[in-house]
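Have a look at the structure below, then the notes.
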Protein chains: 2
Amino acid sequence: MTTAQRNRDLAEQQRSRDDVVRAAGRLFAERGFHGTSMRHLGNELGLLGSSLYSHVSGKDELLVAVVSRGAALFQALADEVLASELDPPQQLRMLVEGHVAIVADNLDEARTILNEARFLPDTARQPIVAMRDRYEAAVRTVIERGVATGDFTAADPGLAAILVLSVLNAFERWFRPDGTRTREQLATDMYRFVLGGLR
Amino acid sequence: MTTAQRNRDLAEQQRSRDDVVRAAGRLFAERGFHGTSMRHLGNELGLLGSSLYSHVSGKDELLVAVVSRGAALFQALADEVLASELDPPQQLRMLVEGHVAIVADNLDEARTILNEARFLPDTARQPIVAMRDRYEAAVRTVIERGVATGDFTAADPGLAAILVLSVLNAFERWFRPDGTRTREQLATDMYRFVLGGLR
DNA sequence: CCTACCGATCGGTAGG
DNA sequence: CCTACCGATCGGTAGG
C-alpha cells in the first residue's frame, strides 16, 4: 500500500451504499440520468467509477433507489392525509404543507422523480407509476370529499386534482433553500391559491 | 402512420434543416437531450448520424434551434397580451388560452424547453433565460394590473405569477392530443382555477 | 448524403 | 476500493 493510498484511506471514510445513492440523486437532479456517468458519480465521491459496482449492480439500480426513496415519502403523506379525520380544507392544507416539506427536505429526490422517472427500467417503472397514481388519487379524493361537503366547487374533480398537483409539482422547480420566505409562508400561499381555485 | 413508413416515404426526398430540427424536438422531448444520439436522430430521418452535419454544425445547435423556436412563440404571446387593451381578467384569459394553444400545437418544443433548456450551451442559455424571464414578467404585470384595478387580490404578485405559471407549465405534462376535452374547455377550466387563486 | 474513419467516453467485468 | 481491461457507442471530421 502506497503512502498516497494510506493517506486517502485515513482522510476519507468508506462510502456506504446510502452515500452513493444520495450522490446519485444530486447528480441526476442536476444533470439528468443520461447526463450523469458512473465515472462522474465516482469522482463526486472520491473514487473510480468501477468502484461503484461494489455498492450497486448498475446505473439503473441507482435511479430506482433514488426515485423509490422519494416516492415512498409522498406515498406516506397521501395515506396519512386520507386517514386523518380533518375536514377537506384542512386535509388539503395538510397535503400542501406535507408536500412542501418533503420537497424542501429531499430536493434531489423530488427533482429526479419528476424529471427522470421516465428513464426507469421497464420492470421498475410500473410500481413507481402506481405510487404516483395513488398520490394523484389521494388529491382527487380530498377534492371529492370537499365537493360533497360543499367546501369546494369542482365540475371535474379529476381535472381539479391535476391543477392542484400542477402547483405542488412545480414547487421543486422554483423553490430555493436560501430564499427569504419560510416554507410555512410558501405553503400557506400555495394553499390559499389552490383553495381559491377550488371555489 | 409509423415512423418506419414515414422513413420509407421520405427515402427518396431530401430532408431540410427544418425536418432535422423537428425530428430533434420529437426525440429531445421523448428521451431527453442526453438520451438522444445523432445516430438515433439520423435513423429517425432515414439517414446516418454523420449526414446530419450537412444540416447543422452539431448537436448543441439542434437544441438551441428547438428551444428558440418554442421560446419565440411564448414571447410573442406575452407581448401581444401586454399590448392589448383588455382588462386584467381578460388579459389573463388570453394568456391561458394562448399558452394552451402554443403547447398543444408545439408539444415537442414545449416539452424540450421545459425539461432540456438547462442543457443549452452557455452562450445560448442567456438569451433563452431572458425570454423566459420576460414571459414570467408579463404574467406578473397582468396580475399587478389586476390588483390595481381591484380585480385580483395578491399579497405577493411575484409569487402569484409563479403559481399561475405552475399551472401553465404543467400543461405540457398532462395534455394528451387524443383526449376527450377540447382545448377550449381545458383552457377555460385552467383560467377559472387560476382566477380563483387570484381572488 | 455516404464511406470510412477518429479519439473519447460509455456501462460494466475480472481479479485482487 | 483499485488496476486493468472489454466491446459498444458517443459527437464529430475528411473527402467525395
Side-chain angles (χ1 to χ4, degrees), chain A residues 1-25 27-28 30-66 112 116 119-124, chain B residues 6-25 27-28 30-67 112 116 119-124:
Chain A
M1 183 183 248
T2 68
T3 302
Q5 282 173 328
R6 184 163 46 244
N7 285 347
R8 201 160 53 231
D9 288 345
L10 291 174
E12 305 179 15
Q13 317 167 22
Q14 285 232 37
R15 271 44 117 243
S16 67
R17 187 191 130 103
D18 212 61
D19 294 329
V20 176
V21 172
R22 247 196 304 270
L27 290 185
F28 291 165
E30 249 177 47
R31 320 163 61 109
F33 177 69
H34 289 305
T36 300
S37 74
M38 293 299 274
R39 281 164 180 79
H40 184 195
L41 174 57
N43 188 60
E44 190 85 353
L45 291 159
L47 41 84
L48 298 178
S50 58
S51 301
L52 298 169
Y53 290 87
S54 57
H55 291 105
V56 289
S57 70
K59 197 184 171 189
D60 280 348
E61 188 187 311
L62 278 171
L63 181 59
V64 173
V66 172
T112 302
E116 313 299 324
F119 301 126
L120 283 166
D122 286 335
T123 51
Chain B
R6 191 166 44 239
N7 286 349
R8 263 202 306 280
D9 289 349
L10 289 174
E12 307 270 332
Q13 305 174 23
Q14 286 235 38
R15 266 50 113 246
S16 68
R17 187 191 130 102
D18 212 61
D19 294 329
V20 176
V21 173
R22 246 197 304 272
L27 290 185
F28 291 165
E30 250 177 45
R31 319 163 62 108
F33 177 68
H34 289 304
T36 301
S37 74
M38 293 298 274
R39 281 164 180 80
H40 183 195
L41 174 57
N43 187 60
E44 191 84 352
L45 292 159
L47 43 84
L48 298 178
S50 59
S51 301
L52 297 169
Y53 290 86
S54 58
H55 294 288
V56 289
S57 71
K59 196 184 170 188
D60 280 348
E61 188 186 310
L62 278 171
L63 181 60
V64 173
V66 172
V67 169
T112 302
E116 313 300 323
F119 301 126
L120 283 166
D122 286 335
T123 51

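Note that these values count all heavy atoms, side chains included, but never hydrogens, waters or copies made by symmetry. Proteins come first, then strands; the chains are lettered A, B, ... in the order of their sequence lines, and each starts at number 1. Source: prediction; values computed, not measured.
Listed here is the closest heavy atom pair of A/F28 and A/V66: CD1-CG2, 4.3 Å. Pairing each heavy atom of B/L45 with each of B/D19, the nearest pair is CD2-O, 3.9 Å. In terms of heavy-atom proximity, A/T112 sits nearest to A/G25 at OG1-O, 3.6 Å.
What separates NE2 of A/H34 from C1' of D/dT9 is a distance of 14 Å, to the nearest Å. Atom CG in B/L63 sits roughly 13 Å away from atom P in D/dG11 (whole-Å rounding). C/dG12 atom P lies 17 Å from atom NE2 of A/H40, rounded to whole Å. With rounding to whole Å, A/N43 atom CG is found 15 Å from D/dC1 atom C1'. Between the CG atom of B/L27 and the P atom of D/dG11 there is a distance of 12 Å, given to the nearest Å. A/L45 has its CG atom 9 Å from the P atom of D/dC1, to the nearest Å. Straight-line distance from the CD atom of A/Q14 to the P atom of D/dC1: 4 Å, rounded to whole Å. Residue A/L48 contributes atom CG, which lies 15 Å from atom C1' of C/dC10 at whole-angstrom precision.
In terms of position along DNA chain C, the nucleotide closest to B/L47 lies nearer the 5' end than the nucleotide closest to the other residue of the pair B/L47 and A/S50.
Interface residues of residues 52-60 of chain B facing DNA chain C, ordered by number: B/S54, B/H55; criterion, heavy-atom separation under 4.0 Å.
Judged by distance alone, the side chain of B/H40 and the main-chain N or O of B/L27 form no donor-acceptor pair under 3.5 Å. The backbone N or O of A/F33 lies less than 3.5 Å from a partner atom in the side chain of A/E116, making a donor-acceptor pair.
In terms of phosphate contacts, B/R39 brings no side-chain nitrogen or oxygen within less than 4.0 Å of OP1 or OP2 of D/dT9.
Residues B/L62 and B/L41 have side chains in contact (heavy-atom distance under 4.5 Å, counting atoms from C-beta outward).
By the 4.0 Å N-to-carboxylate-O rule, B/E44 lies too far from B/R15 to be salt-bridged with it.
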Both distances under 3.5 Å, Watson-Crick or G-U wobble: on that basis, could you give the dot-bracket string for DNA chain C, with [ ] for crossing pairs and | for other-strand partners?
||||||||||||||||

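The side chain of A/S51 has D/dC2 as its nearest neighbour among D/dC2, C/dG11, C/dC2.
Rounded to the nearest 0.5 Å, atoms CG (A/D18) and NE2 (A/H55) are 10.5 Å apart. Taken from CG in B/L52 to CG in B/L47, the straight-line distance is 5.5 Å, to the nearest 0.5 Å.
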